[in-house]
Amino acid sequence: MLTTTLGSLTLRNPVLSASGTFGSGWEGRLFADLRQVGALVSKTVTVAPRPGNPPPRIHETASGMLNSIGLENHGADHFLAETLPRMRELAADSGVRVIVNIGGESVGEFVQLAERFSAAGVDALEVNLSCPNVQEGRLLFSTDPRLTEAAVRAVKRAASVPVFAKLSPNVTDIVAIARAAEQGGADGLTAINTLIGMAIDWRRRRPVLARGIGGLSGPAIKPVALRMVYECARSVRIPVIGVGGVRSAQDVLEFVCAGASAVQVGTAQFTDPALMVRIVGELRTLLAAAGTTIRALRGSALPGAAPQELRA
Ligand code: SIN
């Protein structure tokens, strides 16, 4: 009932953690039985360690959150030695997939990361082409179809596992970028990363975040994410992973009807680290009551989808 596929990767259910909102899952294990989720997606890993941006770099907004973390992480060596074994331990014997999100400052760095993590036997790679919080060009990749295609093509050549391209909403036409990623050989798309925004402290007459701008996530962006998933799903043949503002099983099913094959839970986990697991249970109940499955619902709101009767 909950099984879904992302190209050659089968997931026991469509509920994944969103990169950067759940670490590697290690702390989350204290709150919920993570062997119930479909996949754990790591925070972005870069070749070298990164200290991230100076604080303040998180700010709560109405129905959302701004972040300007700046891809803080310990780098690939540390990830392979310390973090990946922990993710594997969390996933052991449960069918939970381990997906590593990679970030490069150049195509060469993406290739290096793809080679190393493929060799380490991760289940899939998510390529972060879309972080808005660094200056070295990641956002640039996902705002230009040619750069997107070239980066994805190079990663695909280097990788022996499925490759999902994470797209930015900060573009006029996400379909052009989605098609470029497909053309480059992506096995799937993740849509969407955060929307660039800012907050102002009027008494200080300064932006709240030290870097000025940041990425908006949370329920405020769900309608934008749904629209972009819908547009991507009706324009490409590869699977789409939806992400943006998910707080409930209902939200997951909305993304599935818009064409998502799987859905990531992000910002809501900061206040409710057991949410993913609860959503899996709620999905089971809702689908059983409606007499349908994730596969049957997928894309059912897209133009031309066959009509289907739901029980309730
Ligand atoms: C960050 O670390 O700045 C957030 C990651 C992202 O938006 O891709």
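Both counts, for ligands and for their atoms, begin at 1 and track the order of listing.
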*Asks:* Are Arg179 and Glu149 packed together at the side-chain level, in the sense that at least one heavy-atom pair is separated by less than 4.5 angstrom?
*Replies:* no
*Asks:* Do any heavy atoms of Ser130 fall under 4.0 Å from ligand 1?
*Replies:* no
*Asks:* Just to confirm my output: which protein heavy-atom neighbour is closest to atom 8 (O) of ligand 1, and how far is it?
*Replies:* Asn128 ND2, 2.8 Å
*Asks:* I need the atoms of ligand 1 closer than 4.0 Å to a non-hydrogen atom of Asn193, numbered in the order shown.
*Replies:* 6 (C), 7 (O), 8 (O)
*Asks:* Do Glu72 and Lys43 sit within salt-bridge range, that is, some charged N less than 4.0 Å from a carboxylate O?
*Replies:* no
*Asks:* Which atoms of ligand 1 have any heavy atom of Leu71 under 4.0 Å away?
*Replies:* 1 (C), 2 (O), 3 (O), 5 (C)
*Asks:* Locate the shortest heavy-atom distance separating Asp272 from Arg278; write the atom from each residue and the value.
*Replies:* OD2-NH2, 2.5 Å
*Asks:* I need the nearest protein heavy-atom contact for atom 4 (C) of ligand 1: residue, atom name and distance, please.
*Replies:* Asn67 OD1, 3.6 Å
*Asks:* Just jot down the ligand 1 atoms closer than 4.0 angstrom to any heavy atom of Lys43, in number order.
*Replies:* 1 (C), 2 (O), 4 (C), 5 (C)
*Asks:* Please give the remaining members of the hydrophobic cluster of Val41, linking ILVMFWY side chains under 4.5 Å, ordered by chain and number.
*Replies:* Leu6, Leu9, Leu11, Leu16, Ile99, Phe164, Ile241
*Asks:* Enumerate the atoms of ligand 1 whose separation from the nearest heavy atom of Ile69 is less than 4.0 angstrom.
*Replies:* 1 (C), 2 (O), 3 (O)
*Asks:* Is there a side chain to side chain contact (heavy atoms under 4.5 Å, CB included) between Lys222 and Phe255? Walk through the geometry before answering.
*Replies:* CA-CA 9 Å; Lys222 194 186 99 183; Phe255 274 95; 3.9 Å; yes
*Asks:* Could you tell me which atoms of ligand 1, counted from 1 in the order shown, lie closer than 4.0 angstrom to a heavy atom of Asn133?
*Replies:* 1 (C), 3 (O), 4 (C)
*Asks:* Regarding Ser68 and Asn133, do their side chains bring together a donor and an acceptor under 3.5 Å, going by distance alone?
*Replies:* no
*Asks:* Hey, does the side chain of Arg29 reach the backbone of Trp26 with a donor-acceptor pair shorter than 3.5 angstrom?
*Replies:* yes
*Asks:* Using a 4.0 Å cutoff against the non-hydrogen atoms of Pro132, which atoms of ligand 1 qualify?
*Replies:* 7 (O)
